[in-house]
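One structure below.
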Number of protein chains: 2
Amino acid sequence: MSDAEQTRQNILTVAADEIHHHGFKATSLSSILNRCEISKGALYYHFTSKIELGYAVFEEIYTPMFLSVWQTPLTDEDPIEGLCKFLTAMTDEMSCSEVVCGCPLNNLCEEMANVDEGFRLRILCMQEQLNQLIVDALERVSEDLRDNLAFSQVGYFIVATLNGATSLSKSSRNKELFQQVIAELCLYIRALKK
Amino acid sequence: MSDAEQTRQNILTVAADEIHHHGFKATSLSSILNRCEISKGALYYHFTSKIELGYAVFEEIYTPMFLSVWQTPLTDEDPIEGLCKFLTAMTDEMSCSEVVCGCPLNNLCEEMANVDEGFRLRILCMQEQLNQLIVDALERVSEDLRDNLAFSQVGYFIVATLNGATSLSKSSRNKELFQQVIAELCLYIRALKK
DNA sequence: ATAATAACCAACCGCTCGGTATGTTGCAAG
DNA sequence: CTTGCAACATACCGAGCGGTTGGTTATTAT
């Protein structure tokens with residue numbers, strides 16, 4: 001990787017972390033510059049504006065990471081069990097900073113979706129991709145599931161509940177609350193089976 | 001009501017609306033001053049700082065409104081049906097601005113809980129009050145419900161899912177997504193019964 | 001050897017923000 | 001009649017922000 005590309009990646013990584021911790025608007029460029037030990041000129045050589053940097057973080061860091069994390073359990077032979085194991089594993093592996101900071105995508109969603117159209121469209125696109133992943137997985141094993149299930153609706157329900165659980169534990173700083181909601185969610189998910 | 005108290009209430013009302021629309025940090029005092037047609041001196045006569053104003057909005061506007069809205073369906077003779085009707089009524093009556101702006105308390109939660117301890121404690125307190133309301137309602141009709149239900153867990157699950165649904169519809173600007181998640185949530189709630 | 005370009009740096013700019021210090025007004029008590 | 005305080009208004013401050021401008025290197029092509 002060239003030096004320039006190395007610098008760019010470094011900016012992206014640091015920016016992703018800063019945005020995760022402080023939100024997009026509250027993240028100042030100077031804090032990124034300090035951590036990267038570069039000047040403002042360097043940053044503006046690679047990105048035309050703060051918001052373009054935000055888009056790049058979203059597309060090149062957050063989205064790929066997020067989708068790949070979901071892909072694994074959903075392509076499992078038994079996606080129902082895969083999902084439940086995935087969710088309970090989340091509660092176990094959840095670090096302190098993850099409890100406090102929440103999901104980066106979820107946060108960005110809350111903060112920017114109704115403020116900036118560019119973010120909104122990117123978020124929308126990613127949400128649909130995720131929902132499609134879930135729907136595909138459910139359809140694949142539809143013969144084992146209850147009749148009259150609305151797969152898309154189920155997908156959004158799962159995602160919404162997970163987001164709500166993250167948000168709840170974030171504001172209460174209580175990992176247990178998250179575990180409780182996830183436990184109840186797993187009951188719901190397993191009950192999708194015949 | 002005295003003139004001074006009238007001014008204070010006016011500030012609170014306008015601030016509540018501004019914070020709902022733009023978030024706490026992004027709400028500038030000057031926008032409040034403009035809408036109230038008062039000076040900065042007037043505001044700082046009634047409130048010692050921006051964050052104290054925020055606390056007052058939380059305690060005197062958001063919390064009472066929020067709790068009273070939940071109280072009605074939960075004290076219904078049949079809280080299960082009361083909740084479901086309450087939730088579906090929300091989807092019908094939801095205005096455009098409510099879709100875009102989301103729930104004021106939920107927003108404040110996301111934005112401020114892990115930034116300011118004062119907000120976090122107030123949010124925590126209110127969440128527990130709400131959960132207690134739900135638990136009380138469920139216990140009251142526990143004979144009609146399935147055995148082995150963890151009431152508190154169920155309460156947090158419902159709140160988390162509703163929050164997630166609000167967040168989802170907010171970022172996608174799609175009322176239908178909210179309706180879908182709520183529809184699925186009502187299925188879950190009704191399935192609590194024997 | 002020179003010219004050009006990629007990759008970066010340092011200094012500065014205008015703006016808005018929350019907050020403060022001081023000035024003004026009207027009414028009510030003595 | 002005046003003194004005093006409640007209830008404001010006005011003007012200003014320093015800090016931090018995103019962004020711009022005008023250099024400065026190091027490397028590469030000619």
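In the text below, chain A, chain B and the rest are named by the order of the sequence lines, each starting its count at 1.
- We find that CZ of B:F47 is positioned 12 Å from P of D:dC8, with the value rounded to whole Å.
- Regarding contacts with the backbone of C:dC8, every side-chain N or O of A:Y45 stays at 4.0 angstrom or more from both OP1 and OP2.
- The nearest whole Å value for the distance from the CD atom in B:E5 to the P atom in D:dA6 is 16 Å.
- Rounding to whole angstrom units, CD of residue B:E37 and C1' of D:dA7 are separated by 17 Å.
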- Message: I'd like to compare against my own output: the B/S/- annotation of nucleotides 11-26 of chain C with a strict under-4.0 Å heavy-atom distance to protein.
- Response: ------SBBB------
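- The CG-C1' distance, from A:L43 to D:dT20, rounds to 14 Å in whole Å.
- Remark: P of D:dA7 and CG of B:N10 are 16 Å apart, rounded to the nearest angstrom.
- In this structure, the CD1 atom of A:I11 is 12 Å from the P atom of C:dA7, given to the nearest Å.
- Side chain to side chain, B:N107 and B:Y62 fail the donor-acceptor criterion of an N or O pair below 3.5 Å.
- Note: CD1 (A:I38) to C1' (C:dA10) measures 14 Å, nearest angstrom.
- Residues A:S171 and B:Q127 bring a donor and an acceptor atom of their side chains to less than 3.5 Å of each other.
- Inspection of the A:E184 and A:Q180 side chains reveals no N or O donor paired with an N or O acceptor under 3.5 Å.
- Rounded to whole angstrom, the span from the CG atom of B:L33 across to the P atom of D:dC8 amounts to 13 Å.
- Close to D:dC8, at under 4.0 Å from its OP1 or OP2, lies a side-chain N or O of B:H46.
- Aromatic ring centroids of A:Y188 and B:F157 lie 6.0 Å or more apart.
- Under a 3.5 Å cut-off, the side chain of B:R146 and the backbone N or O of B:A191 do form a donor-acceptor pair.
- The six-membered or imidazole ring of B:F24 lies near that of B:F119, with a centre-to-centre distance under 6.0 Å.
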